[in-house]
2 protein chains.
Amino acid sequence: MPPNRREDGPPDLAGKAATINDIARLAGVSKKTVSRILNRSPLVRSDTREKVEKLMREVGYVPDPMARGLAFRRSFLIGMIYDNPTAQYIVDIQYGALDALRDSDFELVVHPCDSRSPDYVAGVRRFVQQQKLHGVILVPRVSEDQALCDMLDAIGCRYARVAAVSLEGPERMVVTHDRDGAAEVADYLQRLGHRDLAMVTGPAAYRSAMERTEGFVGALRRRGIELPASRIVEAGYTFESGVAAAERLLRGRNRPTAIFCGNDEMAAGVYRVALRMGLRIPEQLSVVGYDDSTLASRLWPPLTSVRRDTRDTGRMAAAMLLQPESAARPLASVRPHLVIRDSCQPPP
Amino acid sequence: MPPNRREDGPPDLAGKAATINDIARLAGVSKKTVSRILNRSPLVRSDTREKVEKLMREVGYVPDPMARGLAFRRSFLIGMIYDNPTAQYIVDIQYGALDALRDSDFELVVHPCDSRSPDYVAGVRRFVQQQKLHGVILVPRVSEDQALCDMLDAIGCRYARVAAVSLEGPERMVVTHDRDGAAEVADYLQRLGHRDLAMVTGPAAYRSAMERTEGFVGALRRRGIELPASRIVEAGYTFESGVAAAERLLRGRNRPTAIFCGNDEMAAGVYRVALRMGLRIPEQLSVVGYDDSTLASRLWPPLTSVRRDTRDTGRMAAAMLLQPESAARPLASVRPHLVIRDSCQPPP
DNA sequence: CTGAAAGCGCTTACAG
DNA sequence: CTGAAAGCGCTTACAG
């Protein structure tokens, strides 16, 4: 018999939440043993472990994250650092990260920032150090900033980088292979018979934009189609910049028969210009986007686009931070794939 | 002279972050005095306060939130509880909340949930109690759930409810006045000359849907227009449900000349059906949405819609939780307003 | 207006 | 495999 008077039902703790001391006392072990069980130490006899775990369940005991954090000198918080205007993308990464964090002791703290601001790295440092974060998820475009990662390394903060292409060792990367998604678009348009193509790219400073451009151009070249520089127009991943790029590409008589856009917002801009010019999609112009956002299926005709499994991406990034730091593993990859709708057909 | 050897420059603490003990020692006061300054106690002489604050700035001292939280028995975390599929809305509330939290000691922890699940209230309780949250922001539709609020009250958790209409005392509400936004739409359409109107509403279980419907119907009535029940079609705030509702309203020869939709997604559904039927917007059919999402300006013609200042809403909700519990204040209100684009004109 | 003691609920470092 | 002591960095309760 443990040295406590247990009646029927779970022990009453006068309405207050149980602490490690209550569990230790009720189980008749030291608090250090309870602590070992909490931290999954193998140095506990299995019958002791089972007895204590049963009691914890009955009492509904959950360790206090602040007390644990204070003793560990590290919190049970995962930070998500981002500078991305696309709401759906952000929310999907959050959902994915929370999928991975569910049933763990960790919670997600969000930290949007402005990577164009000169002191944003310092802002992230303050955030990480004040909260003693367990780790951070870095989303494009901040994930591409080596200075940010160097700072995190310097202060000993773990991170998981989501990026279009691998930027460092696999233990810290979730790679979305944007190059492959773009190549799939090139293959699809080529198979439809298009030879006279164009691309509206995102800002050259974004890895995603570069990867999508190079993936598209490279795959076309492999199929014998050379995309002239005049057919590659850089825009800003926004609707308005897509409009401006489309105006450049579609004026004059020498028009492309298909345009691949680095994201759906810019594709919506191309739609707008085509509509204004009386160019019918897909009869006179094929258009492909990237993201497969909800916008893609709201446009008319529904836009063919490259889908990214963003929620999976977030899940992998968070899962990576929960693993022991030493754990070796293969590169975390999320593969894009083309979702074919009604915005493309063979050239006129 | 304080009892410590200060050389030039900030005192060196061997690379480790300063603690309250360091500050107390360097300033020559007790840690309790430092603590009083941290907690803005008036019981500190102003010269003492200034000396200590200067030192804290020099050393870059920031109190440890976990240590404070452990002693306070309450964390420095604000939870955001939501069950809302609209990514832009969620992200905007988050930005707003973070605006209010900036330069405070608080951080934002996100907690999406599924309010249709029978144990979601229990899930929120676990979240709140484990993390000892300082307070939570409740976003529609969970903000409308009285059972949730009762639970939070029972466990002594502060909350701020965002809702279309006031549901309780002003100290816990941010009201978005959806009724007024819908009434503005009714006035606008009436002024354009429409008499034969229809509405696609959100689910009747949503307060926002009810308020928008009643606001629209009531304002029309005040202007002498009675909306028959057959002209009010309930849908699910989704694109697909908007399509189905539009099909019901637009088939047959007896069509309305204008449709007000409870959100932009459903308005996009109406656009789709109108396009399919060869009905031109706005020449043959006027359409108005609600939300003023980015979708509204991507559609063709650009959609007239009711804008909500969602970021302000989030800011107000978070600010409310930072105030002393006793602070009396007026009802926090966010006013909607109509953004006129190109989707309406006088009836044919 | 200021301070010394005890405590918040955990873990580390050490000993057995 | 288990435990007693000290400590993480703060605050509360009490005293002056």
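Just so we're clear, the structure is a prediction, and the values are computed from it rather than from any experiment. Lettering of chains follows the sequences in order, A, B, ..., and the numbering in each one begins at 1.
- Using a 4.0 Å cutoff on non-hydrogen atoms, the parts of residues 65-79 of chain B near DNA chain D are B/Ala67, B/Arg68, B/Leu70, B/Ala71, B/Phe72, ordered by number.
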With a cut-off of 3.5 Å and sequence neighbours excluded, list every side-chain donor-acceptor pair involving residues 67-74 of chain B.
from, atom 1, to, atom 2, distance (Å)
B/Arg68, NH1, B/Asn39, OD1, 2.9
B/Arg68, NH2, B/Asp105, OD2, 2.8
B/Arg73, NH1, B/Ala71, O, 2.7

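- Under the rule for a salt bridge (Lys or Arg N to Asp or Glu O under 4.0 Å), A/Asp92 has no partner lying at least two apart in sequence or in another chain.
- Where A/Lys31 and A/Pro42 each meet DNA chain D at their nearest nucleotide, the meeting point lying more 5' is that of A/Pro42.
- B/Arg329 is linked by a side chain to side chain contact (heavy atoms under 4.5 Å, CB included) to B/Glu171, B/Met320, B/Gln323, B/Ala327, counting only residues two or more places apart in sequence or in another chain.
- Closest-nucleotide positions on DNA chain C for B/Arg49 and B/Lys132 were compared, and the one nearer the 5' end corresponds to B/Arg49.
- Applying the side chain to side chain contact (heavy atoms under 4.5 Å, CB included) test to B/Thr176 and every residue at least two apart in sequence or in another chain returns B/Val162, B/Ala164, B/Asp178, B/Thr313.
- B/Asn21 comes within 4.0 angstrom of nothing in the nucleic acid, heavy atoms only.
- Annotation: side chain to side chain contact (heavy atoms under 4.5 Å, CB included) contacts of A/Arg315 (sequence neighbours excluded): A/Asp99, A/Ala100, A/Arg311, A/Asp312.
- Residues satisfying the ring-ring contact (aromatic ring centres under 6.0 Å, His included) criterion with B/Phe106, sequence neighbours excluded, are B/Phe76, B/His134.
- Side chain of B/Arg161 to main chain of B/Ser143: a donor-acceptor pair is present (N/O by atom type, distance under 3.5 Å, no hydrogens or angles).
- Partners of B/Lys32 according to the side chain to side chain contact (heavy atoms under 4.5 Å, CB included) rule, which considers only residues two or more places apart in sequence or in another chain, are B/Ser30, B/Ser35, B/Arg36.
- With the 3.5 Å cutoff on both pairing distances, Watson-Crick and G-U pairs in DNA chain C assemble into runs of at least 3 at C:1-3 with D:14-16, C:5-12 with D:5-12, C:14-16 with D:1-3.
- In 5' to 3' order, the nucleotides of DNA chain D bounding all contacts with chain B (an atom under 4.0 Å from a heavy atom) are D/dG9 to D/dT12.
- Residues satisfying the salt bridge (Lys or Arg N to Asp or Glu O under 4.0 Å) criterion with B/Arg158, sequence neighbours excluded, are B/Glu325.
- Every residue was checked against the salt bridge (Lys or Arg N to Asp or Glu O under 4.0 Å) condition with B/Asp103, not counting sequence neighbours, and none meets it.
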